[in-house]
Structures are given as structure tokens and as C-alpha cells.
Engineer: 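One structure, pasted below without further comment.
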Amino acid sequence: MKALLQAFDQSDWQEMTVMIGGDRLHVSRLGSSDGPPPPSAPQPAGAVPPPAPEAAPPPSAPAASAPPVSAASAGSNGAIEIPPGTQITAPSVGLFWRAPSPGAPPFVEVGSPVAAGETVAIVEVMKLMSHVTAPVSGTVSAVLAENGQAVEFGQVLVVVDAEA
Amino acid sequence: MKALLQAFDQSDWQEMTVMIGGDRLHVSRLGSSDGPPPPSAPQPAGAVPPPAPEAAPPPSAPAASAPPVSAASAGSNGAIEIPPGTQITAPSVGLFWRAPSPGAPPFVEVGSPVAAGETVAIVEVMKLMSHVTAPVSGTVSAVLAENGQAVEFGQVLVVVDAEA
Amino acid sequence: MLRRVLIANRGEIAVRIARACHAEGLEAVLAVSDADRGSLGAQLADRAICIGPAPATESYLDIDRLLAAATVTGCDALHPGYGFVSERPELPEACAEAGVTFVGPSAAAMRRSGDKATARAAARALGIPIGDGSDLLASAREAREVADQLGYPVLLKAAAGGGGRGMRRVQGPGEMPAVFTAAAAEAQQAFGDGRLFMERFVTSARHVEVQVLADGQGKVIHLGHRDCTLQRRYQKLVEEAPADGLAPGIGDDVLDAATRLIGSMDYQGAATCEFLVDAERATSAFLEINARLQVEHPVSEMVTGVDVVREQLRIAGGAPLSVTQADVAPAGHAIEARINAESPSRGFMPAPGTLERWVQPSGPGVRVDTACFPGWTITPYYDSLLAKVIVHARDRLEALERLRGALGDLHVAGVPTTAGFVMDVLAHPDVRSGRVHTRWLEETFVPSWSPRVAA
Amino acid sequence: MLRRVLIANRGEIAVRIARACHAEGLEAVLAVSDADRGSLGAQLADRAICIGPAPATESYLDIDRLLAAATVTGCDALHPGYGFVSERPELPEACAEAGVTFVGPSAAAMRRSGDKATARAAARALGIPIGDGSDLLASAREAREVADQLGYPVLLKAAAGGGGRGMRRVQGPGEMPAVFTAAAAEAQQAFGDGRLFMERFVTSARHVEVQVLADGQGKVIHLGHRDCTLQRRYQKLVEEAPADGLAPGIGDDVLDAATRLIGSMDYQGAATCEFLVDAERATSAFLEINARLQVEHPVSEMVTGVDVVREQLRIAGGAPLSVTQADVAPAGHAIEARINAESPSRGFMPAPGTLERWVQPSGPGVRVDTACFPGWTITPYYDSLLAKVIVHARDRLEALERLRGALGDLHVAGVPTTAGFVMDVLAHPDVRSGRVHTRWLEETFVPSWSPRVAA
């Protein structure tokens with residue numbers, strides 16, 4: 001990850017456009033990054049200001065530091081308790097982002113109402129941004145990964161209490 | 001087994017005495033053997049007439065022919081159905097004998113009453129004769145090995161319906 | 001120096017690479033699909049990370065996911081194994097972009113060596129015989145002109161690929177247009193590249209190849225030759241080292257050709273140069289380069305004592321090779337048999353299932369490379385390789401005998417295997433005497449073979 | 001020719017022998033105790049027959065039951081393995097009586113070779129150095145007289161036995177009476193034979209031994225020497241072939257002595273001659289003969305390519321050895337580590353249990369002889385050997401490294417193992433440089449060792 005972000009930092013890209021399914025994502029950035037390496041988070045359509053690292057909620061667990069290898073074969077959410085409800089899982093290995101860009105508010109918080117098809121998070125696979133959408137309408141009852149965290153395919157990211 | 005019986009046949013022994021626990025078994029034989037090699041069955045105390053091969057019940061499965069190696073890991077009684085009751089098992093690998101000597105009537109038949117401690121069969125381990133005794137009084141409901149058959153440790157030989 | 005390696009593969013080779021990483025003091029992270037979370041490789045690696053669902057297109061064939069797995073787990077290197085994306089130049093490119101060391105050649109060297117037409121041209125430039133044939137063919141008409149000169153039958157081959165896809169035999173000029181079109185279409189579908197070239201068809205051909213290691217700093221050595229003549233539908237079944245019974249000079253010729261060719265390519269890592277040996281004419285012809293680890297690398301390891309995967313890791317980490325050419329003195333004879341979960345009596349149909357029983361052979365001169373264990377399930381998503389049973393003995397006949405014994409001690413329940421078929425192959429007089437060619441299995445052995453009852 | 005072999009043993013060696021039988025085209029019948037009905041050996045053998053309950057005295061140590069198992073299953077040969085009754089001359093006697101071929105020497109040859117005092121006398125008669133010591137000692141008084149001449153410390157040893165039982169060090173004349181009595185009592189209890197003899201105690205001794213094969217028709221060859229210096233309480237822990245770094249001449253001396261000694265004994269089968277090498281004086285002294293297969297035979301197999309167990313079976317069947325002395329050219333270096341189900345941090349207490357996990361190493365130059373598999377239960381009835389992990393490499397340092405790597409890839413859950421302890425031993429500078437003696441483990445290594453946390 002460090003290497004990836006270094007490569008990203010060291011590139012002279014000012015804009016990046018990514019196609020996902022029918023969605024077109026476009027990122028533009030200005031100026032240099034600072035602090036913990038910024039996630040290369042996308043922004044729908046149009047140029048945005050440079051990402052402010054501290055804006056990415058929550059600020060813990062910087063994604064750029066190589067996570068220590070753990071003996072645990074991850075695959076699931078490990079010791080985290082998953083509340084009942086409709087589970088939304090990661091469609092791929094990648095980085096988990098709660099917001100469309102580091103400066104932006106998160107897609108959802110616990111308690112947020114969501115509509116079926118609405119984006120609840122992004123999983124980034126080598127600069128390719130996958131929107132993770134709610135399969136049902138309801139209320140978010142848990143967000144189980146931290147912003148910028150590495151996630152595996154199948155890992156539960158968000159739980160939604162479906163409407164009755 | 002063939003080799004053992006050959007060695008036995010070829011020996012010039014006329015008598016054999018074996019001590020088992022407190023029991024003393026003594027076998028004496030006269031004349032040459034004929035037909036299927038005679039089991040070297042013992043006889044308590046005293047000389048007896050030469051064994052008549054056909055007297056050993058049942059006459060099937062001559063013990064002297066090397067049994068074909070079977071892929072089945074024996075250990076149990078294989079496909080034989082074991083009726084309910086008190087199971088009397090083989091105390092060792094060896095040959096199963098139903099009678100004290102080939103000419104003699106079997107210790108027990110299905111339906112025979114037996115008293116606790118009574119001999120129901122013999123397992124022969126290299127000429128050493130182990131008496132197999134009933135642990136309970138009752139009626140013999142099954143005899144699960146054939147005369148002269150090779151048996152394994154733990155194999156069920158005889159089943160006794162214990163008295164109420 | 002490397003520190004942590006992402007293994008972008010599965011099955012026995014993932015296990016093999018994880019162990020080589022540990023032997024080199026490196027951490028091993030295994031990228032697994034959803035179907036492989038409980039695999040032996042996942043158990044042995046320091047960490048496993050699930051990259052996608054079971055289908056390979058969404059997991060082991062997805063370069064982005066593989067690189068994401070490498071970067072989010074802090075890996076500084078990636079080992080591609082064999083198969084899957086191991087021969088796609090986009091992989092070393094993506095690694096370079098992400099700052100991850102690729103365990104293998106550069107994308108440029110992979111392109112140079114992997115493209116058959118380019119590699120043939122390079123060989124010809126070095127004076128290495130490439131066999132009668134053509135450069136790239138522009139059309140069926142050009143193909144027919146070349147074939148008329150070479151003499152029929154000829155073989156059309158895909159420039160981009162291997163494994164028999166895009167490869168067709170042409171018996172006479174009349175069928176050239178149709179076969180050319182079909183072969184080009186097949187190559188296009190398989191490799192995204194429909195270019196074809198032609199070779200004279202050799203009636204009695206042996207497949208001989210040379211294992212090469214190049215440190216990327218100018219040092220190129222070989223680990224002797226292998227014979228992989230026993231093939232079924234271009235899939236190798238039994239591989240040996242060394243290639244016994246070659247005509248005088250042929251063995252040295254291919255060793256020399258392989259090291260010179262790889263040495264000319266600014267290549268780094270392990271490579272295999274394949275040759276076709278014409279047994280009747282006692283000639284060898286360069287065929288192609290495999291720019292990766294090969295399934296059959298263990299036979300070279302057995303006779304030379306060199307650990308090919310560890311050398312790959314050393315090279316990638318910038319260390320020199322641990323051996324010189326002078327150290328390499330192949331001793332004895334090694335044979336590998338690939339055992340698949342297939343039903344030989346049903347046309348070698350792959351047969352997935354759960355291993356109710358898995359007891360593998362062991363003993364002097366016996367090695368088993370496998371990811372199987374009792375209870376593991378062979379899924380239908382990937383190839384059907386269960387294990388490579390490898391033996392080493394003092395000479396070829398002893399090795400054949402040892403391999404048959406070892407296969408007899410392989411006890412599998414839950415899936416059918418090709419072990420009995422391979423045992424019968426090994427017992428055949430033609431195999432024992434070495435009188436086989438690359439089509440012998442299909443044309444001679446298989447038609448006459450029937451499974452023994454109650455094997 | 002033999003046809004069907006009863007294996008009168010259990011564990012890894014039963015598996016090893018069953019596979020050798022199959023390699024020789026022989027059927028294998030395994031005698032099992034009630035506790036071993038589900039063992040790997042029972043699965044691999046053509047048939048298993050349960051001979052008695054779990055305790056060894058009523059199963060593997062009961063010669064009558066073993067012979068009954070052989071005869072009722074139609075076996076024409078019996079292989080005793082190692083341990084249990086393998087060194088009891090009553091076994092070949094009982095086999096001869098029952099008309100079953102014993103895979104090993106005659107009872108007479110076993111007695112000649114197995115009795116330490118007899119064997120020492122035979123060696124002396126051939127001019128083989130036997131080290132300073134005594135013949136059989138009649139009394140503690142005689143022992144003191146001999147010891148006064150040899151110089152203290154001295155070692156009292158049981159004539160009949162091995163494994164350290166009846167063996168005591170005597171530091172000075174004052175303690176001779178008490179130690180003599182204790183050693184004689186221990187020998188009497190262990191072997192039913194309280195006779196003792198004495199040797200000068202060697203401060204810096206290496207244990208070197210020679211694997212010998214004798215065809216019983218006058219041909220006697222050796223398979224090179226082994227070093228078994230790393231011992232704990234007279235139990236070998238790590239064994240190597242060849243014995244590296246011997247003073248000039250010593251290696252050839254022991255090879256020559258071993259073949260001459262076995263050649264003088266009308267011996268048939270495999271035997272090992274053990275020698276004590278005094279590193280300070282650069283001398284060797286004959287110690288004893290093991291008239292059976294040894295646990296550490298695989299290291300000799302790895303460097304020579306000769307399958308010792310198959311040769312045993314060939315010899316027993318009247319076939320000539322498959323190799324001549326000229327064929328035996330040890331190549332590379334092999335090391336074996338015995339891995340036990342013991343807790344090193346609790347004084348190496350054996351720890352039975354069920355193998356919740358058993359993943360064994362594999363790869364180039366790695367061999368594992370074991371009867372373990374996932375789910376198998378290690379019972380408290382027998383020894384605690386889980387596996388022998390054996391490696392072969394080009395030289396000793398590479399072999400040490402390879403063995404450490406292999407042990408790191410041994411994954412066991414359910415019982416504690418000595419793998420971590422052995423890995424630490426292998427990493428020690430004294431072991432790497434070969435500066436160890438037979439008491440080094442106990443006196444130097446173990447006292448300073450502590451298990452690494454979270455290994």
C-alpha cells in the first residue's frame with residue numbers, strides 16, 4: 001500500500017477517471033499531499049479540492065502503513081460481532097472507504113436510512129472504485145470496517161435493518 | 001498356518017503339555033494325520049484317540065489353508081450380524097476351536113445353557129490354548145466363528161443371553 | 001532484500017512457494033478465492049487474503065485484485081506461480097506500477113521470450129536451429145505456399161500461445177484454408193491474438209526442455225534437460241530429468257542453445273526453453289520459451305539439488321544465484337507423474353469431489369508436491385491436478401519402478417484419479433525402453449488401454 | 001522368494017516397511033494392537049490383524065501372538081522393525097520353528113552380535129580397537145581394580161543392553177561398590193541379565209556408526225557412516241550422514257572395521273556397528289552392534305540412494321544385494337530430526353493427544369517418515385515419536401538450513417512437539433560448526449535453553 005500510494009503521490013496525475021459499470025467517476029487533485037498518505041478517494045463528476053487527510057472519518061488505522069501479517073486466516077470479520085440484519089459484503093479485496101472523498105461526509109452512519117441501490121461505501125481495488133450498494137431499504141445498524149481499512153472479499157462491511 | 005501345521009505334522013511329538021493359568025492341558029496323538037490338516041486341539045488330562053478330522057464341527061473352512069489377504073481391516077466381525085446379549089470376545093489373535101479336541105463334541109451349541117466361568121471355546125496361540133469362558137450364566141444365542149477359523153483380538157466369538 | 005511475498009496462485013504450487021518463502025526467511029501471503037479459504041496453502045501461509053469469488057476470472061485471473069491483495073497486506077513482492085496470469089506481461093507491468101517486485105522477468109523480457117515468433121527469430125539470429133517452418137503467416141494462401149515447400153503434413157501454431165490451443169495439423173493443401181481459419185479463430189479466442197506460424201510436422205518427436213536460471217546481472221545457468229514426451233492433448237503427463245538416450249551431441253546442443261538464448265534476452269528469473277527432438281533425423285529444433293516456473297520443475301531439482309523456487313526468490317531480491325554452472329552436476333534420474341482428479345475410463349473427465357481419504361506415498365527418493373489433505377474438496381472451478389508424485393533413483397529403470405511403487409501407495413477415496421492409468425503407462429515396454437514420441441499416448445497407448453477391474 | 005510379510009511393529013516404521021513390501025511386490029500384513037486398529041500402517045497394509053490389547057506386553061512384545069498372527073494370515077516372512085522384540089533372539093527362533101522366514105539374522109548371529117561383551121571380544125580378535133575397558137566384571141572389587149588402572153572417570157555398562165539402561169559413570173574408587181550394585185540391578189531388571197563391563201569415560205566423544213548390509217552368502221557392504229552425537233539421555237535426537245569432520249583415516253577405519261566385523265559373524269541382513277570417536281585423541285573404538293534396522297537408517301538412504309528396507313527383504317528372500325560396494329558413493333549430506341510428542345519445557349514429558357492438525361513439510365530434499373495424519377490419536381502406550389523429518393542437500397550447512405526450514409513447515413496442533421527445541425539445537429553455533437560431543441545436549445544446551453514464547 002505504501003508503495004502504491006508512493007507511486008500515486010509521485011505521479012503527476014491531476015485527474016483520474018474510472019468507469020465502474022455504468023457509473024463514471026472522476027477525480028482531480030491539486031497541490032501536494034501531506035500527513036498520512038491520502039487515500040486516493042474518488043469523487044463523482046467534476047474537480048474537487050485536494051483531499052484533507054484528517055477529514056476521513058474515523059482517522060484511526062492509516063491505510064497506508066503495511067498492516068502486520070496476522071496468522072489468522074481472515075476471510076470473515078474475525079472477532080467482530082455482527083448484529084442481525086441484511087449483511088452487505090465486500091465485492092473484492094481492497095480498501096474500504098466510507099466517504100466519496102476524504103473531505104466529504106460518509107455515505108452512511110449507524111442510524112442512517114438507506115434506500116435499496118444507494119451507495120453505502122466504496123471498495124477500492126488498485127484505483128478502481130467499486131460502489132457498494134444496499135440491496136434493501138432500511139436503517140444502517142452497523143458499519144464494521146474502518147475507513148481506509150484493507151478488506152477481503154466477502155467481509156461484512158455494513159449491516160442494514162431492512163424495513164418491515 | 002500351513003507352515004505351522006507342517007512343522008507340527010513333521011515333528012515327532014506324541015504328547016504336548018501346555019500350562020494356562022492354573023489349568024494344565026495335555027495332548028497326545030497316535031498315528032498319522034489325513035485329510036485337511038488336523039487342528040492341534042488339546043484335551044484335558046490323559047491320552048486320547050487320534051483326532052478324526054470330520055469330527056470337528058463345522059467341517060468348513062479348513063484352518064490350514066493360508067487365508068487370502070483381504071483388504072478389509074478386520075478387527076470386528078465384519079458383516080456378521082451380532083444378536084443382542086453378552087458378547088464373549090477373543091482374548092488374542094489365534095485359531096478358534098469349538099471343541100476340546102477334534103473328535104470331541106463342541107463346548108457349546110446355540111441353545112446350550114452355560115454357567116458363568118464355563119469354557120465355551122478355545123483360542124490357540126502357537127500351540128498355547130486359551131480357554132474362553134462365559135462371564136455370565138445364560139443360554140448361548142450365537143456362535144460367530146467357525147471351527148479352526150483365524151480370529152483377532154476382540155472379535156466376538158459367542159453371544160450369551162444372560163439369565164434374568 | 002524482499003520481506004513479504006504475495007503468492008498469486010493456488011493448489012500445490014502455492015504450497016510449494018509458501019515453503020520456499022519460509023526457507024528464504026520471507027513471509028508468505030496467499031491470495032485465495034472464496035473457494036480456497038480453507039486450502040492447505042492458506043493454512044501454511046503466514047496470512048491468506050480472500051480476493052474474490054470462486055471463478056478464476058474474478059479471482060486468480062484478475063490482476064487488479066491480485067495487486068490490491070499485495071499492496072493492502074504490505075507485500076513487497078509477488079510470485080505468480082504457473083498458469084493463471086503468470087505469462088501475462090500486464091502482471092509485471094502492474095507490479096512495477098505498484099512498486100511491488102515481480103518474481104520473474106520484466107514485462108519487456110516476458111514479451112520478448114513469450115511470443116513464439118519473436119523467440120524463434122531471436123533463436124535464428126543466434127544460429128540455433130528452429131526447425132523447418134515459417135515466420136508469421138499473413139494468410140491461408142501464404143500458408144499453403146510455405147507448406148508446399150516444406151512438404152505435408154505441417155503444423156499450424158499460434159504465435160501467442162501454448163497448451164495446444166490454436167495448434168492444428170494440416171494433411172494436405174486442400175484442407176489448408178479451412179484449418180487456417182479455424183486455428184486463427186481458436187488462437188484469437190484463447191489469446192486475443194490470432195497470428196499463426198507453421199512448422200514441419202515431425203513424425204517421431206520427443207519433447208526436450210532445459211531449465212534455465214538467469215540472475216539478471218549477466219549470469220545464466222542451466223539445470224540440465226528434461227524429457228516431457230509423454231503428453232495427452234498437449235498436456236504433459238510424465239516428465240523426466242535428464243532426457244535419457246538422446247543422440248550424441250543433442251543434449252549438449254540444447255543446453256548450450258537454451259543458455260545462450262536466455263542470455264540474449266536481458267532476462268531475469270527462471271525460464272524453460274522447449275525443443276523438439278526429431279528422433280529419426282537426430283536433430284533438435286527450438287520450439288518456445290516458458291517465461292515462468294513450470295509444473296515439472298521438481299525433476300530438475302531432484303537431480304541437481306538446486307531449489308528452483310528459492311533461486312527465483314533470491315534473484316528477485318537481487319541476490320546472486322546460490323550455485324554456479326560448475327556446481328550443477330545432475331545425478332541419478334528423476335520422474336514426475338501428474339495425478340489428476342479425472343476419470344480415465346470416461347475420457348479423462350474431471351471429477352470434483354471431497355477427499356474422503358488421502359494417504360500419500362513417502363520413503364527414500366519419493367517426493368509429493370500437493371495441496372491435498374483428507375477432507376479437502378476438489379472444486380470444479382480450477383484444474384484437476386491433485387498431486388505431483390516425484391521420485392529420484394540411481395537410473396531410469398529404478399526410477400520407473402520406484403514411481404510405480406509410490407503410485408501404488410497413493411490411497412485416494414472420494415474422487416477418481418489418473419494414478420492407475422499412469423501406472424499402466426509406466427509399465428508399458430515402449431516407455432521402459434524410451435521408444436515413445438509426443439503422440440504415442442494418444443495414438444498408441446490410450447486406444448489400447450482399459451482400466452483394470454477393482455484396481 | 002517371499003510372498004507375504006507380517007510386520008511385527010507399529011508407527012512410522014510399520015508404514016515404512018509396508019511400503020517397502022509393496023515396492024518389492026510383496027503383500028504386507030500388519031499386526032496391530034487394539035489401540036492401532038485405525039493406524040496409518042493398518043490402512044496401508046494389505047491386511048491388519050489385531051493381536052491383543054493396547055499394552056505392548058500383550059501385543060507387540062508377545063512373540064507368540066506375533067507368530068500366531070503371521071501363521072493364521074499365511075505370511076511366509078516376518079519383519080521385526082526396530083524396538084519391541086526386534087533384538088530378542090527368541091524371535092528368529094520362534095520364526096524358524098513356525099517355518100516363517102525372519103527378516104534379519106539367525107538367532108545365533110543375533111546373539112553373537114547383540115551381546116556387547118561377545119561382540120567386543122570378536123572385534124578385538126580382528127584387531128579392531130575397542131577402547132580401553134574390561135571384559136565382563138565379576139564383582140565391584142574387580143571393577144575397582146580395572147578402574148584404578150584405566151583412570152577415573154569410568155563407565156559401567158550392561159553387557160546385554162542398550163539405551164543407557166545399566167549404564168553409570170563412576171567418578172572415583174569410593175563410589176564404585178554402590179554404583180556397581182545399582183548398575184547391575186538396573187541391567188538385571190531391564191534385560192534379565194546383570195552382567196557389566198567397563199569402559200574408560202571419554203570426555204569429548206562423538207557417536208559414529210556404520211550401516212552394513214550382509215547377504216548371508218558372503219557379501220558384506222557398508223552404506224557409509226553416520227554421526228549420531230546429538231543425544232539426550234542416550235536417545236538420539238539428530239542423526240547425520242556422512243559423519244563430517246572426522247580426523248584423517250578415522251572414517252575409513254570404521255567402515256573397514258564394520259564390514260570385517262559383520263563379515264566374521266555369519267550374519268544376514270542389516271546391521272549397524274557403533275563406534276565412539278575420541279575427538280581429542282583422534283581415535284575410534286568399537287562400541288556395539290545393533291542387529292536390526294535402525295531408526296536413523298533414512299540418512300544413509302538419502303546419501304547413497306539405497307533402500308535399506310528393500311535390501312533387507314531381498315536378503316531375506318534369498319536374492320542378492322541390488323548394489324555392490326563399488327556402487328555405493330555417498331553424495332551430499334543428509335540429516336534426520338526425530339520429532340516427539342513431548343513437552344520440552346516440562347522436562348520432555350510425553351504428551352499423548354489427538355492430532356487436531358497435522359501438516360508436514362515437503363519439497364526438494366525433504367522426506368518425512370511418519371504414521372501421523374489429522375485426527376490420529378497419540379496414545380500413551382508406546383513411544384512418543386511423531387515423525388522423522390529427513391533432509392538431503394549438497395553439504396552439511398545447506399542441510400542444516402533445509403532441516404530448519406522443513407521443521408518450520410511442520411504444523412501440529414493437539415499435542416506439543418519437540419520441533420521448536422530441535423530447531424533451536426540446529427541453529428546453535430556449536431552444532432553448525434560440529435563442535436559437539438555426546439553429552440553436549442544435556443550438559444551445555446538443555447540447561448541454557450528456554451522455549452521461545454509464541455513459537
Side-chain angles (χ1 to χ4, degrees), chain A residues 1-13 16 18-20 37 39-40 61-78 89-97 122-130 132 145-157, chain C residues 3-6 8 18 21-22 26-55 57-60 62-78 90-91 93-101:
Chain A
M1 181 64 200
K2 192 175 281 175
L4 164 68
L5 290 178
Q6 279 171 357
F8 187 85
D9 284 353
Q10 287 156 15
S11 78
D12 50 6
W13 298 342
M16 175 169 72
V18 179
M19 309 293 293
I20 299 177
S40 55
S65 70
V69 161
S70 125
S73 173
S76 70
N77 295 57
T89 60
S92 168
V93 67
L95 295 178
F96 174 76
W97 299 115
I122 281 171
V123 171
E124 175 190 351
V125 185
M126 303 308 287
K127 303 198 186 83
L128 196 92
M129 304 298 161
S130 277
V132 179
E146 294 189 354
N147 199 52
Q149 182 188 323
V151 294
E152 295 188 79
F153 170 79
Q155 186 171 339
V156 180
L157 304 175
Chain C
R3 194 173 57 91
R4 192 182 294 169
V5 179
L6 185 93
C21 286
H22 293 159
L26 305 174
E27 293 177 356
V29 177
L30 183 59
V32 295
S33 79
D34 199 35
D36 285 339
R37 286 181 193 268
S39 67
L40 186 62
Q43 294 175 48
L44 289 175
D46 299 286
R47 180 178 173 182
I49 182 158
C50 186
I51 59 172
T57 47
E58 295 174 70
S59 50
Y60 302 109
D62 186 330
I63 290 177
D64 282 336
R65 296 195 199 222
L66 293 168
L67 262 300
T71 52
V72 304
T73 57
C75 288
D76 49 12
L78 181 150
E90 296 83 359
L91 182 61
E93 267 167 8
C95 285
E97 243 174 74
V100 171
T101 300

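The figures that follow rest on heavy atoms only: side chains count, while hydrogens, waters and symmetry mates do not. Protein chains get the first letters and strands the later ones, always in sequence-line order, with residue 1 at the start of each.
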Engineer: For C:Thr71 and A:Met126: C-alpha separation, side-chain torsions, deciding distance, then whether side chain to side chain contact (heavy atoms under 4.5 Å, CB included) applies.
Structural biologist: CA-CA 9 Å; C:Thr71 52; A:Met126 303 308 287; 3.8 Å; yes
Engineer: About how many Å separate CZ of C:Arg65 and CD of A:Glu152, when rounded to the nearest 0.5 Å?
Structural biologist: 12.5 Å
Engineer: Among residues at least two apart in sequence or on other chains, which ones pass side-chain hydrogen bond (donor to acceptor under 3.5 Å, both in side chains) with C:Glu58?
Structural biologist: none
Engineer: Supply the atom-to-atom distance A:Ser92 OG to C:Asp62 CG, rounded to the nearest 0.5 angstrom.
Structural biologist: 6.5 Å
Engineer: Only one of C:Asp34, C:Ile51, C:Ile49 forms a side chain to side chain contact (heavy atoms under 4.5 Å, CB included) with A:Phe153, so which one is it?
Structural biologist: C:Asp34
Engineer: Which one, C:Ala94, C:Ala68, C:Ser59, leads in non-hydrogen pairs under 4.5 Å with chain A?
Structural biologist: C:Ala68
Engineer: Under a 4.5 Å cutoff for heavy-atom pairs, which residue among A:Val93, A:Val125, A:Val151 has the most contacts with chain C?
Structural biologist: A:Val93
Engineer: Which residues pass the side-chain hydrogen bond (donor to acceptor under 3.5 Å, both in side chains) test with C:Ser39, not counting sequence neighbours?
Structural biologist: none
